[in-house]
K.L.:
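Would you mind keeping the following structure in view while I ask a few things?
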Amino acid sequence: MVAKPRQRQAEMAAATIDMIGEDILHNILSKLPAVECAAAACVSRSWNLIITRLLSLPNLSSSLSRNPNLQGAVNEVVEKVLARPIRPQFVIASIGPSFDLQEAHRLITCRFDSRIPVITSISQGIFGKDAYTNEFEEVQWDTFEDDEAHEDLGNENQGVLLTVGFLPGLTVDLIPLSKTQGNQVLMIDDLVLSIREHSSSHSGSASPMGILLFSDEDTDIKPVLEKLDYAFSTETVIVGDGGSQFLYRGDTAINRSNNKASSSAAVALLFSTDRGKPSGVGETQFHVMLSTGISPIGPVYKAVSVRERPKDYSTWLTAKREAVRESLDGQTILDQIYDELGGHINCPALYVGVTKRRKCSIGQEKPSWINMHEFHEVLRGDEEYLYVHGVGIRSGDSFRFYQAKSGLARVSCNHVSNSFRHLKQDLNYQSDDHTNGNGLDMHKKSVFGGIMFACCGRGKLFFGEPNVDGSPFLENFPGVTFSGTYCAGEIARGDLSSYGQGSQEQSSERCCLHVFSTVYLVMSYTPALPQR
């Protein structure tokens, strides 16, 4: 068959360009937008091989827009994240509270293949590189319930952050946590079993590499985190947003309950090692750092009388100090804490950290004891009770008070920065002319991306200046994709060692939901060894 003139011209053009050398051609093709790159792969076999290698590299692409028009904002961030070659495995979007969640989710999902998992949520703020200026911006929306307008915050409450990722050697699945509409029972065991099944089918291990969890703002995520922490290996990374509104789409989404009268209380983005990955594909790894912002004050108390109020999601309690028989009312307890604070009763935030020893099991498995440390915001106190937010406290549980402190949070950010510096040294990270467009060295272990989950109480109002939370990553990994959201409840599994409590007893207490903290999820890649 004689080739058509246009086809012959395309083949001749490709052959002519191929003469400039593979390295230069690789550099040219790596700057093509994602759609044009896919089309270029059809030009010739040599181009296809180069583009296949490009699309096999780890990639995290993110962009932020403050356009007050939703359609315009979505267009800007989508065009920016797809401005370079990428093969999307997952999409995470965060929007301002003034935008319509359903419409935003529709606009975003229609721009990506239906097989790609997409999670769209309303956040308390966003952090990332602006689509137009290419400058990092910290955007916090004024979602405070008081009547005062905070001039330092973006009162327009509009914006979109879009993050798209491809992680070589990992599979990505989306699994919702169902709840029955009648009695609001969370199907936690079903979630755990689904994760185990999916992870086992892909990697041969029941524990996945990582879980990104997004929880509905009306869901008590603490019992969910208890079981996830109990069920999976300590190597499994679990991070996320503990309180937002979200929608999701996923071709692989599973609902084990098969109950049509159920809805989703949370959704898990599951990352599992792919034991069937092609030869030549390296290893993606997750690293988690935590910057704390609260410190313990006062003595240890023990709950005596406890009354739960599910209607307003609060607990009323009395307590006594350890080794003291006398039971104390809420006002007396708070007076003691205020004395510890030097009479400063207008502290930014006050919490109780409660140690909870509970039995835990999955399905029909034999229960085991776990020790969890969970934070509850202090609401008020009177001559009868101490009132705290949330439920799940029992008589006999011990607790301490914690105070939010910006100075402590700064010191903690410096510690995170030092940890990043050590990580960079350990991975032999370097940024030179042999990197791809995401700052990734193609021949060495490198950090190629990061995602941040920060408390909405932090940021500019807390520190007095912007970008304090983002600085540890930005200073250590310049040019590497980094984005984040501000949320009401930061998920990161760990123990109390991050809070400066290093005793063996306290380090055995697990803590997975934090307050006034910032969680950093860092992604690194180790290339496969050259084939002989």
K.L.:
Using distance alone, with no hydrogens and no angle criterion, decide if T355 and E509 have a side-chain donor and acceptor under 3.5 Å apart.
P.N.:
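Per modelled atom types, T355 and E509 side chains form a pair under 3.5 Å.
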K.L.:
Which pair of heavy atoms, one from K179 and one from A265, lies closest together, and at what distance?
P.N.:
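Here K179 and A265 meet closest at CD-CB, 3.8 Å.
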K.L.:
Can you pull out every ring pair (Phe, Tyr, Trp, His ring centres under 6.0 Å) where at least one residue sits in residues 215-240? Sequence neighbours excluded, please.
P.N.:
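Matches after skipping sequence neighbours: none remain.
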K.L.:
How long is the span from the CE atom in M289 to the OG atom in S412, to the nearest 0.5 Å?
P.N.:
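With rounding to 0.5 Å, CE (M289) is 11.5 Å from OG (S412).
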K.L.:
May I have the step-by-step check of salt bridge (charged side-chain N to carboxylate O under 4.0 Å, His left out) for E465 and R410, ending in yes or no?
P.N.:
CA-CA 11 Å; E465 60 178 314; R410 279 183 179 274; 2.7 Å; yes
K.L.:
So, for I337 and G298, which heavy atoms are closest and what is the spacing to 0.1 Å?
P.N.:
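Closest heavy-atom pair between I337 and G298: CD1-CA, 4.2 Å.
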K.L.:
Given ring pair (Phe, Tyr, Trp, His ring centres under 6.0 Å), test F516 with H514 step by step and report yes or no.
P.N.:
CA-CA 7 Å; F516 272 86; H514 307 269; over 10 Å; no
K.L.:
Nearest 0.5 Å, please: how far is CD1 in I95 from CD in E103?
P.N.:
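The CD atom of E103 sits 10.0 Å away from the CD1 atom of I95.
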K.L.:
Start with the C-alpha distance between V522 and V288, add both sets of side-chain angles, then the distance that settles side-chain contact (heavy atoms from CB on, under 4.5 Å), and finish with yes or no.
P.N.:
CA-CA 6 Å; V522 180; V288 176; over 6 Å; no
K.L.:
Would a distance-only check, ignoring hydrogens and angles, find a side-chain to backbone donor-acceptor pair under 3.5 Å from S61 to V81?
P.N.:
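Yes.
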K.L.:
Quick one: does any side-chain atom of T236 pair with a main-chain N or O of P208 as donor and acceptor, under 3.5 Å?
P.N.:
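It does hold such a pair.
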K.L.:
Is there a side-chain contact between Y402 and R400 (heavy atoms, below 4.5 Å)?
P.N.:
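Of all side-chain heavy-atom pairs linking R400 with Y402, at least one is under 4.5 Å.
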K.L.:
If we ignore angles and hydrogens, is there a donor and acceptor under 3.5 Å between the side chains of Y313 and D218?
P.N.:
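There is no such pair (donor and acceptor under 3.5 Å, judged by atom type) between the side chains of Y313 and D218.
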K.L.:
State, without any angle test, whether S272 and H198 hold a side-chain donor-acceptor pair at a distance under 3.5 Å.
P.N.:
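On atom types as modelled, these side chains do not qualify, holding no pair under 3.5 Å.
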K.L.:
With a 4.5 Å limit on heavy-atom distance, are the side chains of V388 and E377 in contact?
P.N.:
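SC-SC contact between V388 and E377 ruled out.
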K.L.:
Counting C-beta onward and ignoring hydrogens, is there a side-chain heavy-atom pair between I221 and V224 closer than 4.5 Å?
P.N.:
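Result yes, sub-4.5 Å side-chain heavy-atom pair found.
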K.L.:
Within the side chain of Q89, is there an N or O that forms a donor-acceptor pair under 3.5 Å with the backbone of L167?
P.N.:
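Confirmed, Q89 side chain pairs with L167 backbone.
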K.L.:
Working to the nearest 0.5 angstrom, can you tell me the gap between L212 CG and D241 CG?
P.N.:
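That separation rounds to 10.5 Å.
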K.L.:
What's the separation between atom CG in L228 and atom CD1 in I238, rounded to the nearest 0.5 Å?
P.N.:
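Rounded to the nearest 0.5 Å, the CG-CD1 separation comes out at 5.0 Å.
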K.L.:
Taking it one step at a time, do S62 and T163 satisfy side-chain hydrogen bond (donor to acceptor under 3.5 Å, both in side chains)?
P.N.:
CA-CA 4 Å; S62 182; T163 301; 3.1 Å; yes
K.L.:
Taking the six-membered ring where the residue is Trp, are the ring centres of H389 and Y387 under 6.0 Å apart?
P.N.:
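Distance test on ring centres: not under 6.0 Å, no.
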K.L.:
Between F453 and Y520, is the ring pair (Phe, Tyr, Trp, His ring centres under 6.0 Å) condition met? List the steps.
P.N.:
CA-CA 7 Å; F453 297 93; Y520 304 86; over 10 Å; no
K.L.:
Identify, with sequence neighbours excluded, every residue that meets side chain to side chain donor-acceptor pair (under 3.5 Å) alongside E76.
P.N.:
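Partners of E76 under the side chain to side chain donor-acceptor pair (under 3.5 Å) test: S65, N67.
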K.L.:
Quick one: do the E283 and T526 side chains pair a donor with an acceptor below 3.5 Å?
P.N.:
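T526 and E283 do not have a side-chain donor-acceptor pair below 3.5 Å.
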K.L.:
How would you list all residue pairs meeting ring pair (Phe, Tyr, Trp, His ring centres under 6.0 Å) that involve residues 105-132, not counting sequence neighbours?
P.N.:
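Checked against ring pair (Phe, Tyr, Trp, His ring centres under 6.0 Å) - neighbours excluded - the pairs reaching residues 105-132 are F127-F136, F127-F482.
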K.L.:
Using 0.5 Å steps for rounding, measure from the CG atom of L350 to the CD1 atom of I294.
P.N.:
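Result: 10.0 Å between the selected atoms.
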K.L.:
Below 4.5 Å, heavy atoms only, C-beta onward: do V267 and F246 meet side chain to side chain?
P.N.:
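Counting from C-beta outward, V267 and F246 do come under 4.5 Å.
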K.L.:
Does a side-chain heavy-atom distance below 4.5 Å link R510 with N371?
P.N.:
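No, side chains not in contact.
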K.L.:
What pair of heavy atoms forms the shortest contact from S215 to T219, and how long is it?
P.N.:
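So the two residues come closest at OG-CB, 3.8 Å.
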K.L.:
L64 versus V160: any side-chain heavy-atom pair under 4.5 Å?
P.N.:
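Result no, sub-4.5 Å side-chain heavy-atom pair not found.
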K.L.:
Using the test side chain to side chain donor-acceptor pair (under 3.5 Å), find all partners of D469 that sit at least two apart in sequence or belong to another chain.
P.N.:
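Partners of D469 by the side chain to side chain donor-acceptor pair (under 3.5 Å) criterion, ordered by chain and then number, come out as R458, T518.
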K.L.:
Mind checking what makes salt bridge (Lys or Arg N to Asp or Glu O under 4.0 Å) contact with K227, not counting sequence neighbours?
P.N.:
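Per chain and number, K227 pairs via salt bridge (Lys or Arg N to Asp or Glu O under 4.0 Å) with D189.
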K.L.:
Quick check on the 6.0 Å ring-centre criterion: do F166 and F90 meet it?
P.N.:
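Centroid separation for F166 and F90: 6.0 Å or greater.
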K.L.:
Between S498 and G494, is there a donor-acceptor pair closer than 3.5 Å when you use the side chain of the first and the backbone of the second?
P.N.:
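Pair absent, no side-chain N/O of S498 close to backbone of G494.
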K.L.:
Testing the basics here: between G293 and L408, what is the closest heavy-atom pair and its distance to 0.1 Å?
P.N.:
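Looking at all heavy atoms of both residues, the closest pair is C-CD2, 4.0 Å.
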K.L.:
List the steps, then state whether side-chain hydrogen bond (donor to acceptor under 3.5 Å, both in side chains) holds for H376 with T315.
P.N.:
CA-CA 9 Å; H376 297 259; T315 298; 5.7 Å; no
K.L.:
Answer whether the closest heavy-atom distance between the side chains of L60 and V164 falls below 4.5 Å.
P.N.:
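Heavy-atom side-chain distance check fails, nothing below 4.5 Å.
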K.L.:
Begin from the C-alpha positions of Q285 and Y525 and carry the test side-chain hydrogen bond (donor to acceptor under 3.5 Å, both in side chains) through to its verdict.
P.N.:
CA-CA 6 Å; Q285 293 180 310; Y525 181 71; over 6 Å; no
K.L.:
Ring centres under 6.0 Å, that's the criterion: do F477 and F448 meet it?
P.N.:
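They do not qualify: ring centres at least 6.0 Å apart.
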K.L.:
Can a donor-acceptor pair be found, under 3.5 Å and without considering hydrogens, that links the side chain of S123 to the backbone of G125?
P.N.:
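It does hold such a pair.
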K.L.:
Salt-bridged, K356 to E374, with N to O below 4.0 Å?
P.N.:
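Answer for the salt bridge query: yes.
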K.L.:
For the residue pair N476 / S417, report whether a side-chain donor-acceptor contact shorter than 3.5 Å exists.
P.N.:
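Judged by distance alone, the side chains do pair up.
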K.L.:
Looking only at side-chain N and O atoms, does Q403 offer a donor or acceptor that is under 3.5 Å from a partner on Y351?
P.N.:
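Result is no, nothing qualifies.
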K.L.:
Can you tell me if Q140 uses its side chain to pair, donor with acceptor, with the backbone of Q124 under 3.5 Å?
P.N.:
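Looks like no, no N/O pair under 3.5 Å.
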K.L.:
If you round to the nearest 0.5 Å, how far is OG of S483 from CD1 of I126?
P.N.:
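Between I126 CD1 and S483 OG, I get 10.0 Å after rounding to 0.5 Å.
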K.L.:
Closer than 3.5 angstrom, by distance alone: can the side chain of S524 be matched with the main-chain N or O of V447 as a donor-acceptor pair?
P.N.:
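Checking the backbone N and O of V447 against the side chain of S524, no donor-acceptor pair under 3.5 Å is found.
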K.L.:
Could you check whether F286 and F271 have their ring centres less than 6.0 Å apart?
P.N.:
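Yes, the ring of F271 comes within the 6.0 Å limit of the ring of F286, centre to centre.
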K.L.:
Kindly give the heavy-atom pair with the smallest separation between R493 and T234, and that separation in Å.
P.N.:
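Heavy atoms of R493 and T234 come nearest at NH1-CA, 3.9 Å.
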K.L.:
Looking only at heavy atoms, what is the nearest atom pair of S295 and K405, with distance?
P.N.:
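Heavy atoms of S295 and K405 come nearest at OG-CD, 3.3 Å.
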K.L.:
Closer than 3.5 angstrom, by distance alone: can the side chain of E135 be matched with the main-chain N or O of D130 as a donor-acceptor pair?
P.N.:
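The answer is no, because no donor-acceptor pair under 3.5 Å joins these two groups.
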K.L.:
Excluding sequence neighbours, so at least two apart, what forms salt bridge (Lys or Arg N to Asp or Glu O under 4.0 Å) with E475?
P.N.:
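Applying salt bridge (Lys or Arg N to Asp or Glu O under 4.0 Å) to E475 gives none.
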K.L.:
With a 4.5 Å limit on heavy-atom distance, are the side chains of N69 and Q158 in contact?
P.N.:
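SC-SC contact between N69 and Q158 ruled out.
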K.L.:
For a side-chain hydrogen bond (donor to acceptor under 3.5 Å, both in side chains) check, start with the C-alpha distance between D173 and H202, then their side-chain angles and the critical distance, and finish with the verdict.
P.N.:
CA-CA 10 Å; D173 298 295; H202 292 302; 3.2 Å; yes
K.L.:
Side chains of N75 and K80: any donor to acceptor distance under 3.5 Å?
P.N.:
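The answer is no; no qualifying pair exists.
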